[in-house]
Amino acid sequence: MDAYSISFTSPALRSTSRIYQDLNTCRPSANTTTRAALPRPAATMDTLQKARIHKPAEATHVAVVGAGLAGLRCADVLMQNGFKVTILEGRNRVGGRVFQEKLPNGHMADLGPNWIHGTVDNPINDIAKQTGTITSSWGHNPHIFDEDGKLFDAKEAAQLSDIMWDIVLKAFQFSNKNCAATDSKESLYDFFVSNSEIVIPNATTPEGQEEVLRKRKILLQMCEMWGAFVGEAIFSQSLKFFWLEECLEGENLLCAGTYSKILDVVSKHAMEGAEIKYNTVVERICTRSNSRDKVRLATSNGTLEFDEVVLTTPLGWLKRNLSAFEPALPARLSKAINSLGYGCLEKVYITFPSAFWATPGKDGRKLEGFGQWISPSYAADTNPSKWNQEVVELASLPDGTNHPTLLFYAFGDESKHITSTLLAPSTQDRKNAFVYDFFRPYFSRLPNYDASKPECRPTGFLHTDWLHDDLAGNGSYSNFQTGLDEGDKDIEAMREGVPARGLWLAGEHTAPFVASGTSTGAYWSGELVAKRIAEQYGKEPRRKN
């Protein structure tokens, strides 16, 4: 990962940007304090909508399935508009994938999102400021090791990193402009291969050409870090729909103080005003066929009936539970759910007695912020596939949040290997040994490491396992993989839901494109679907199509 923002559209170009056109459609009042009421011609209303408008909101009972950021924000906005709200949550807590646990050193750590993607017009960033949640970012000082474990020269590492991010920028621009004409099988890696020959041109001498080939190879190895953004290997990242990966303008901030205070604010009104049924797993959804029917939910605690149901379950859950809908979902919606990717990003926190890497080593360099080990060839026993390793060190965070911990990110096949190994029956000592042996080839190359010194010996670890979490959809968040033909239309189909049958969808997979896969997207999606329901009952002005 890196501190770079993955936003490239300048304000002057936003009128032609698909990302910002969609944002303006979803949130027409994003930059204004009020929104003018739009006419609601009764002659164009269908029978169901007429029935809704004549039914007062306070007499309408809405179920929100899932108490993550999307569900909590949805419940809040619904209650503001007078609806009765019941939240059905499969866990014994709110937050969903927003969750913290205590590290062995006593510090709290986010197991779910721990970044705020973009700082301009971002409600999550606004809440972080409101609550005094400490955030952090780092300068552009990559600490990168080559495939033999040797630390790159700082200047060369910075140059190659700049080239890599320039190609990412070009890929955004290319995808935005050429989406329709791009083959769905083309990947972001394919784009890197073709552009590496342009940005690092051939040399005129054999020695010079050898250096060119070396730099191209390193660049392609470095580009594999993109997997830590989307939870899958760059080889399967869609080039056609790469434009959907752009984030809001501004920095990517690490939530140094964790998401706990942010969650407290988002959940406050729902916990005070909504009925919350914990440990209640929805097993079947029977949608209505006419305006007089209720939507029935068969749950682990019995069958319940509602006027409207907002399903905020993760995309991965929808993929695995399409048979739970009765009658079956419309073909276009089922296709959308099946088409989008669902990544598997996992985290491993390893704590130490002190941050030995935080002081300069013999070469005068220290690790501050991000580290990367590209295509390591020196860990054949534990990493024969040469998976890249990404780390964020937490010792340089602001005072009060800093601690001697390394946060490793794993995605794709590596995340499957780590989580499945740790899930298998074993003693804690053996699990400790597995984690330390797996990551030792990497942290042992950090400045001042000495295996004989107590400060260099891990004191404990904490890992996530979203892959084996059914309520999380057995993964982390949505992404856009090769083979995708209608990525934007798929999101729109899920965002629309099936209102006529009383079924609405929310979650990061239905968010405005610019916030897909993020906590901001989840928050916005819940807000947007609640406003749409309110509009249907005459509580809000209807939006333009």
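Basis for what follows: all heavy atoms, side chains included, without hydrogens, waters or symmetry-related copies.
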S.K.: Within 45° of the six-membered ring axis of Phe352 and under 6.0 Å from that ring's centre, is NZ or CZ of Arg457 located there?
M.R.: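 Output no; distance or angle outside limits.
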
S.K.: Is the distance between the ring centroids of Phe191 and Phe174 under 6.0 Å?
M.R.: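 Yes, ring centres under 6.0 Å apart.
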
S.K.: Can the positive tip of Arg320 be found less than 6.0 Å from the middle of the six-membered ring of Tyr342, inside 45° of the ring normal?
M.R.: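 Not satisfied by the 6.0 Å and 45° rule.
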
S.K.: Using a cut-off of 6.0 Å, state whether more than 12 heavy atoms not belonging to Glu211 lie near its atom CD.
M.R.: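 More than 12 heavy atoms, drawn from other residues, nucleotides or ligands, come within 6.0 Å of this atom.
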
S.K.: Which of these passes ring-ring contact (aromatic ring centres under 6.0 Å, His included) with Phe242: Phe229, Phe192, Phe480, Trp226?
M.R.: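 Single pass found, and it is Trp226.
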
S.K.: Side chain to side chain contact (heavy atoms under 4.5 Å, CB included), that's the test. Do Val120 and Leu248 meet it? Break it down for me.
M.R.: CA-CA 7 Å; Val120 178; Leu248 286 166; 5.9 Å; no

S.K.: I'd like to know whether the aromatic ring centres of Phe434 and His417 sit less than 6.0 Å apart in this structure.
M.R.: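 Distance test on ring centres: under 6.0 Å, yes.
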
S.K.: Output, in order, the C-alpha distance, side-chain angles, deciding distance and verdict of side chain to side chain contact (heavy atoms under 4.5 Å, CB included) for His143 and Lys366.
M.R.: CA-CA 8 Å; His143 204 83; Lys366 64 179 180 179; over 6 Å; no

S.K.: For Val98 versus Leu263, what's the shortest heavy-atom pair and its separation?
M.R.: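 Shortest heavy-atom contact: O-CD2, 4.1 Å.
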
S.K.: Take Ser377 and Glu147, measure what side chain to side chain donor-acceptor pair (under 3.5 Å) needs, and give me the verdict at the end.
M.R.: CA-CA 6 Å; Ser377 62; Glu147 62 183 1; 5.6 Å; no

S.K.: Please give me the minimum heavy-atom distance between Ile200 and Val212, naming the atom from each residue.
M.R.: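 In terms of heavy atoms, the two residues are closest at O-CG1, 3.7 Å.
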
S.K.: For Pro404 and Ala355, work out which heavy atoms get closest and say how close.
M.R.: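 The pair with the smallest heavy-atom distance is CB-N, 3.5 Å.
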
S.K.: Consider only side-chain N and O atoms of Arg216 and Asn202, and report whether a donor and an acceptor are under 3.5 Å apart.
M.R.: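 The answer is yes; a qualifying pair exists.
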
S.K.: Please determine whether a side-chain nitrogen of the Lys or Arg among Glu272 and Lys268 lies less than 4.0 Å from a carboxylate oxygen of the Asp or Glu.
M.R.: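 Salt bridge flag = yes for Lys268 with Glu272.
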
S.K.: Let me know which of Tyr442, Phe443, Trp373 forms a ring-ring contact (aromatic ring centres under 6.0 Å, His included) with Phe145.
M.R.: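 Answer to the ring-ring contact (aromatic ring centres under 6.0 Å, His included) test with Phe145 among Tyr442, Phe443, Trp373: Trp373.
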
S.K.: In terms of side-chain heavy atoms, does Asn479 have a donor or acceptor partner in Glu232 at a distance below 3.5 Å?
M.R.: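 Note: Asn479 and Glu232 side chains miss the donor-acceptor criterion.
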
S.K.: Give a yes or no on whether a salt bridge exists between Lys217 and Glu224, defined as a side-chain N under 4.0 angstrom from a carboxylate O.
M.R.: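 Answer for the salt bridge query: no.
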
S.K.: Could you tell me whether Asp126 and Lys129 make a salt bridge, using a distance below 4.0 angstrom between a side-chain N and a carboxylate O?
M.R.: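 Salt bridge between Asp126 and Lys129, a charged N being under 4.0 Å from a carboxylate O: no.
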
S.K.: Quick one, Leu23 with Phe513, criterion side chain to side chain contact (heavy atoms under 4.5 Å, CB included). Give me CA distance, side-chain angles, the key distance, then yes/no.
M.R.: CA-CA 7 Å; Leu23 182 61; Phe513 299 155; over 6 Å; no

S.K.: Just how far is it from atom OG1 of Thr131 to atom CG of Asp264, taken to the nearest 0.5 Å?
M.R.: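 Those atoms lie 8.5 Å apart.
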
S.K.: Does the side chain of Thr351 pick up a donor-acceptor pair with the side chain of Thr459 at under 3.5 Å?
M.R.: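 Per modelled atom types, Thr351 and Thr459 side chains form a pair under 3.5 Å.
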
S.K.: Does NZ belonging to Lys277 count more than 12 external heavy atoms closer than 6.0 Å?
M.R.: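 Counting neighbours around NZ of Lys277, 12 or fewer heavy atoms of other residues, nucleotides or ligands fall under 6.0 Å, so no.
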
S.K.: Between Asn474 and Leu467 (side chain of the first, backbone of the second, donor and acceptor by atom type, cut-off under 3.5 Å), is there such a pair?
M.R.: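 Checked: pair present.
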
S.K.: How close do Thr135 and Pro398 get, heavy atom to heavy atom, and via which atoms?
M.R.: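 It is O-CG, 4.1 Å.
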
S.K.: Can you tell me if Gln100 and Thr258 form a side-chain donor-acceptor pair at under 3.5 Å?
M.R.: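 No, no side-chain donor-acceptor contact under 3.5 Å.
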
S.K.: So does Arg97 pair up with Glu508, basic N to acidic O under 4.0 Å?
M.R.: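 Looking at Arg97 and Glu508, the cut-off is met.
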
S.K.: Looking only at heavy atoms, which two atoms of Val266 and Arg73 are closest? And how far apart?
M.R.: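 Taking every non-hydrogen atom into account, CG1-N, 4.2 Å.
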
S.K.: Only pairs under 3.5 Å count here: list side-chain donor-acceptor contacts from residues 356-364, not counting sequence neighbours, and write none if there are none.
M.R.:
from, atom 1, to, atom 2, distance (Å)
Trp357, NE1, Glu393, OE1, 3.1
Thr359, OG1, Asn448, ND2, 3.1
Asp363, OD1, Arg365, N, 3.0

S.K.: Can you name the nearest heavy-atom pair linking Thr518 to His117, along with the distance?
M.R.: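 Minimum heavy-atom contact is CG2-CD2, 3.8 Å.
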
